[in-house]
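Note sheet for the following structure.
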4 protein chains.
Amino acid sequence: MSDVAAPLPLDPSDSQGPPKPLRADARRNRERVLNAAREIFAEQGRDAQIDDVARRAGLGVGTVYRHFPTKEALLEALAIDKFERLLVIAERALDASDAWEGLRDVFWKTAEQMEQDRALSEAMAPDALEVATAERVRLQDAGRLLLERAQKSGAVRADVEPEDLPVLMCSIGAAVRRSAGNPERWHRYVELVCDGLRARTP
Amino acid sequence: MSDVAAPLPLDPSDSQGPPKPLRADARRNRERVLNAAREIFAEQGRDAQIDDVARRAGLGVGTVYRHFPTKEALLEALAIDKFERLLVIAERALDASDAWEGLRDVFWKTAEQMEQDRALSEAMAPDALEVATAERVRLQDAGRLLLERAQKSGAVRADVEPEDLPVLMCSIGAAVRRSAGNPERWHRYVELVCDGLRARTP
Amino acid sequence: MSDVAAPLPLDPSDSQGPPKPLRADARRNRERVLNAAREIFAEQGRDAQIDDVARRAGLGVGTVYRHFPTKEALLEALAIDKFERLLVIAERALDASDAWEGLRDVFWKTAEQMEQDRALSEAMAPDALEVATAERVRLQDAGRLLLERAQKSGAVRADVEPEDLPVLMCSIGAAVRRSAGNPERWHRYVELVCDGLRARTP
Amino acid sequence: MSDVAAPLPLDPSDSQGPPKPLRADARRNRERVLNAAREIFAEQGRDAQIDDVARRAGLGVGTVYRHFPTKEALLEALAIDKFERLLVIAERALDASDAWEGLRDVFWKTAEQMEQDRALSEAMAPDALEVATAERVRLQDAGRLLLERAQKSGAVRADVEPEDLPVLMCSIGAAVRRSAGNPERWHRYVELVCDGLRARTP
DNA sequence: CATGAATGAGACTTCATTCAT
DNA sequence: TATGAATGAAGTCTCATTCAT
């Protein structure tokens with residue numbers, strides 16, 4: 001009856017400050033919610049209901065809200081999660097010996113990743129820009145490095161800018177989604193983009 | 001930046017081909033609703049309310065519902081309208097003397113068109129596939145012709161299929177939206193796609 | 001633009017003052033509306049829409065409203081119409097030579113009449129008491145006479161009062177409706193009521 | 001006028017047999033909703049609003065909808081409840097030593113019951129046939145038994161069929177409602193029906 | 001006078017969020 | 001702490017009635 005409304009300290013995805021370690025069962029519940037949310041939003045789009053997420057997770061709504069104070073927050077957590085995966089892809093590519101191979105790899109693996117959570121991306125797409133900022137910045141940084149190297153090596157045309165990369169990624173995402181069911185489609189598309197990026201040799 | 005894609009002024013005389021000869025004022029109202037809807041959905045996304053559309057149109061909700069029995073139906077009408085504009089672009093391109101120029105033109109003008117109703121497209125995106133079927137089929141047909149000609153003329157690589165065009169269009173749409181505010185971004189993107197499409201000369 | 005809202009003088013069912021004679025086409029329209037209303041309310045119950053009535057009548061809603069200023073009013077007109085038919089039955093029965101035969105006849109014919117517009121009665125039932133007052137009074141009067149005669153002739157038990165007749169009529173109506181499809185049911189019921197009414201001979 | 005039909009006090013413990021073990025407070029709320037609905041529908045007829053029911057129950061609309069997903073469902077629950085009370089009457093009558101007394105009792109007590117929720121019945125009447133099927137079947141069964149016994153004992157005319165009972169019940173209901181305010185009316189009516197049912201002794 | 005498009009209060013229902021158990 | 005019942009603002013849609021054409 002006293003400080004009940006004090007901010008619940010449970011959300012480890014909070015981008016400011018060090019995430020507090022969760023008790024084992026709390027972490028398990030958080031994961032369950034996230035998985036259920038992924039499924040449900042993928043199946044029903046962004047208008048899916050929190051109740052359904054809770055049911056799928058085998059938990060009460062209250063528990064979902066304990067971990068994610070808002071539907072928005074849950075969706076954002078999913079987005080962060082997704083960008084973290086992309087980040088892994090991009091940062092690994094920095095280790096590639098050949099700069100162009102690294103960049104090329106990012107496109108392919110990102111596309112593959114996007115095919116995984118196609119439906120989910122669709123559900124989150126419109127908000128994409130105002131969300132998961134931290135992860136997006138890091139992704140941007142990795143991209144800049146990859147691009148600069150590839151350009152220095154002469155493999156990529158010089159007029160492309162780092163800020164073009166998110167544009168490319170988004171367009172790949174769109175292509176993957178629109179290819180629904182026909183991977184050859186987006187395969188061709190990614191090839192085409194890669195070709196387009198290669199430096200023109202006059 | 002040419003005036004190629006000057007916003008079509010929503011010609012109120014061609015929304016309906018044969019269906020019903022609407023009374024003059026009814027037609028005017030229908031157009032008002034459509035315009036208001038475009039604005040509102042662009043501003044607030046797909047979750048905008050019909051009441052707002054009505055208010056913006058200066059009409060009662062009832063009138064909106066008389067013309068579009070469902071929110072869905074209104075959104076679909078908007079989609080049809082959009083695809084009709086793309087259709088005009090594509091069909092005009094069929095008249096081009098040079099096949100590749102025709103196809104290239106379609107990409108550019110479509111992108112310009114998409115920049116017009118960027119926000120609106122975002123609002124409609126997820127449903128795009130189950131909607132405006134008739135228009136989409138005609139668009140597909142025009143696309144097929146353009147592509148075949150361009151391939152025969154040797155300007156476009158042979159492995160591209162007609163079904164790749166929608167994928168390309170969608171990806172261009174995504175690129176345009178993601179470029180928000182920076183046209184050079186998607187300009188570069190469209191160039192890149194065009195380059196990628198040109199036949200490789202070994 | 002001036003006295004447009006002056007009371008329209010069209011409604012001949014207005015119980016006060018002499019009904020103004022209608023122009024031929026106006027009368028025809030009124031009749032059409034009434035017939036359509038009978039059908040529609042019978043089919044869909046009291047919640048049917050005026051638009052449907054208008055459509056069925058082959059007229060615009062405006063015309064319906066010209067004749068019946070209110071949905072209520074239309075329903076009442078139907079009720080009046082129904083009670084007028086019952087009235088005819090009762091008044092004819094006054095001519096019967098045998099008092100009991102007359103009364104008996106009223107029960108049977110009323111039941112038959114009710115079977116006709118079973119669905120319609122159902123739609124109007126709940127309001128029955130506050131409507132068609134004039135007709136109901138006349139019906140009551142005829143009933144009183146019939147009953148008194150029959151009682152004087154010794155055919156009907158003395159404790160029945162004139163006010164019991166509407167109760168009997170309503171119960172017959174309910175029986176008829178509940179017999180839906182099985183006339184023998186309500187036949188038996190009417191017989192039972194008649195038997196119950198005969199004077200007990202100890 | 002005896003105390004035979006003292007209003008059953010809406011026993012909150014027997015509304016649901018096996019379906020779901022409701023939490024104590026949930027059950028209490030369900031009962032509150034049902035009571036409020038009874039009142040409101042009785043007062044305002046079937047077109048009463050759910051919001052009013054909720055307000056009367058001192059609960060939010062959402063709670064009403066949690067218990068009854070539809071206005072229809074709420075009305076049906078009320079109907080079931082009503083038939084359950086009639087069922088109790090009929091099944092108790094099966095214990096009567098004298099068959100005719102048992103049947104007679106059913107008519108009287110049913111009428112008394114109907115006087116209780118006169119207004120409510122009026123509100124539900126039209127739908128009565130497609131609703132509360134299970135309860136109506138059991139009622140029918142009890143009725144059949146009562147009738148057969150009474151016929152075997154020679155107290156009731158042989159040509160009456162079990163299926164006539166619902167017809168009789170409905171007609172009694174109509175009579176009770178139409179007697180509004182004058183119990184002697186429907187008393188006389190029930191007597192008359194009972195008399196009509198007695199076997200004719202030639 | 002007839003027509004049917006327009007109106008908008010108000011109905012039903014949903015669902016994110018809170019809170020008692 | 002977890003649960004799920006309760007809440008009620010808000011959204012979609014209907015339909016009796018009005019009024020410009």
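Bear in mind that the values here come from a model prediction, so they are computed numbers and not experimental data. Each chain gets a letter, A, B and so on, in the order the sequences are listed, and its residues count up from 1.
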Of the listed nucleotides [options], the one nearest the side chain of [X]:
X	options	answer
C:T70	F:dT12, E:dA16, F:dT17	F:dT17
D:K71	F:dC15, F:dC13, E:dT13	E:dT13
C:L59	E:dT3, F:dG11, E:dT17	E:dT3
B:Y65	F:dG8, F:dT14, E:dT18	F:dT14
C:V61	F:dA16, E:dA5, F:dT12	E:dA5

Rounding to a whole Å, what distance do you find between [X]:[atom1] and [N]:[atom2]?
X	N	atom1	atom2	result
D:E72	E:dT13	CD	P	9 Å
B:F68	F:dT12	CZ	P	16 Å
A:Q44	E:dT14	CD	P	14 Å
A:R55	E:dA16	CZ	C1'	15 Å
D:D51	F:dG8	CG	P	12 Å
D:D25	E:dC19	CG	P	16 Å
D:D52	E:dG10	CG	C1'	12 Å

Tell which nucleotide pairs with F:dT12, taking only Watson-Crick or G-U wobble pairs whose two distances are both under 3.5 angstrom. E:dA11

Whom does F:dA5 pair with, Watson-Crick or G-U wobble, provided both distances fall under 3.5 Å? E:dT18

Could you check if a side-chain atom of [X] sits within less than 4.5 angstrom of a side-chain atom of [Y], using non-hydrogen atoms only?
X	Y	result
A:H67	A:N29	yes
D:R28	D:D25	yes
C:L75	C:F68	no
D:I50	D:Y65	yes

Does [X] put a side-chain nitrogen or oxygen below 4.0 Å from OP1 or OP2 of [N]?
X	N	answer
B:H67	E:dA6	yes
D:T63	F:dT7	yes
B:N29	E:dA5	no
C:R66	E:dC1	no

Taking for each residue the nucleotide of DNA chain E bearing the nearest heavy atom, is the 5' side occupied by D:I50 or by D:R28? D:I50

Map C:G58 and D:D47 onto DNA chain E by nearest heavy atom, then report which one ends up closer to the 5' terminus. C:G58

So does A:R55 pair up with A:D52, basic N to acidic O under 4.0 Å? yes

Reference residue C:N35; test side chain to side chain donor-acceptor pair (under 3.5 Å); the match among C:R38, C:R32, C:E39: C:R38

Using a cut-off of 4.0 Å on non-hydrogen atoms, how would the nucleic acid contact of B:A48 be classed: base, sugar-phosphate, or nothing? sugar-phosphate

5′-ward residue of the pair C:Q49/D:V64 relative to DNA chain F: D:V64

Judged by each residue's nearest nucleotide on DNA chain F, which is more toward the 5′ side, D:G62 or B:G62? D:G62

